[in-house]
K.L.:
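Here it is, the structure in full.
As a basis for the values below, the full set of heavy atoms in this structure was taken, side chains included, without hydrogen atoms, waters or symmetry mates. As the structure is a prediction and not an experimental result, all values here were calculated from the model.
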Amino acid sequence: MSWVSAALRTRDTERWRETLVGLRDQLGDVAPDLCCLFVAGEEPDATGLLGELCEALGPRAVVGCSA
C-alpha cells in the first residue's frame, strides 16, 4: 500500500495546483483509491478545489468536509 499527503495553509490557488502536480508525481501511474479533502476557513471555491483534485489525481472515491 502506498500513500502520499499534503497540507496547505493558504488560499493561493496556484500553490494548490502545484501541490496536486507534486502528489501526482509521487503516485506515478497509480490512481488513488481514496482521496480525503478537508477545507477550513473562508475558501472561496471549495467545489473548484474538489474538481481540480479529481481531475489531477483521478481517485476512485473522495471523502471530506468543509468548516
Side-chain angles (χ1 to χ4, degrees):
M1 177 173 82
S2 299
W3 63 276
V4 297
S5 67
L8 297 176
R9 295 186 70 172
T10 180
R11 293 186 183 133
D12 182 351
T13 55
E14 187 57 36
R15 179 76 172 115
W16 169 250
R17 290 181 185 110
E18 291 170 1
T19 300
L20 289 174
V21 169
L23 292 170
R24 177 77 265 158
D25 289 346
Q26 290 179 59
L27 289 167
D29 293 335
V30 177
D33 290 322
L34 173 66
C35 285
C36 301
L37 176 63
F38 301 96
V39 179
E42 296 182 24
E43 179 55 52
D45 187 14
T47 303
L49 295 177
L50 175 62
E52 288 188 39
L53 178 136
C54 289
E55 184 177 324
L57 303 180
R60 294 181 68 196
V62 179
V63 297
C65 66
S66 63

K.L.:
Are V21 and L37 connected, step by step, through hydrophobic side chains (Ile, Leu, Val, Met, Phe, Trp, Tyr) whose heavy atoms are closer than 4.5 Å?
P.N.:
no
K.L.:
When rounded to the nearest 0.5 angstrom, what is the spacing between CG in L50 and CD in E55?
P.N.:
11.5 Å
K.L.:
Could you grab the distance from atom OG1 of T13 to atom CG of L8, nearest 0.5 Å is fine?
P.N.:
11.0 Å
K.L.:
Can you sort out the partners of E52 under side-chain hydrogen bond (donor to acceptor under 3.5 Å, both in side chains), two or more places apart, ordered by chain and number?
P.N.:
R17
K.L.:
I want to check something: taking the side chain as every heavy atom from C-beta on, are P32 and L34 in contact at a cut-off of under 4.5 Å?
P.N.:
no
K.L.:
Within a strict 4.5 Å, meaning less than it, do heavy atoms of the W16 and L53 side chains meet?
P.N.:
yes
K.L.:
Would you say that S66 contacts F38 through its side chain, given a criterion of any heavy-atom pair below 4.5 Å between the two side chains?
P.N.:
no
K.L.:
Would you mind reporting whether D25 and L23 have side-chain heavy atoms less than 4.5 Å apart?
P.N.:
no
K.L.:
So, for V4 and Q26, which heavy atoms are closest and what is the spacing to 0.1 Å?
P.N.:
CG1-OE1, 3.4 Å
K.L.:
More than 12 heavy atoms of other residues, nucleotides or ligands under 6.0 Å from CD of E14: yes or no?
P.N.:
yes
K.L.:
Please determine whether side chain to side chain contact (heavy atoms under 4.5 Å, CB included) holds for the pair L27 and S2, giving the CA-CA distance in whole Å, both sets of side-chain angles, and the decisive distance to 0.1 Å.
P.N.:
CA-CA 8 Å; L27 289 167; S2 299; 5.6 Å; no
K.L.:
Under the 3.5 angstrom rule, does the side chain of R15 hit a backbone N or O of T19 as a donor-acceptor pair?
P.N.:
no
K.L.:
Between A31 and G58, which heavy-atom pair has the shortest distance, and what is it?
P.N.:
CB-O, 3.6 Å
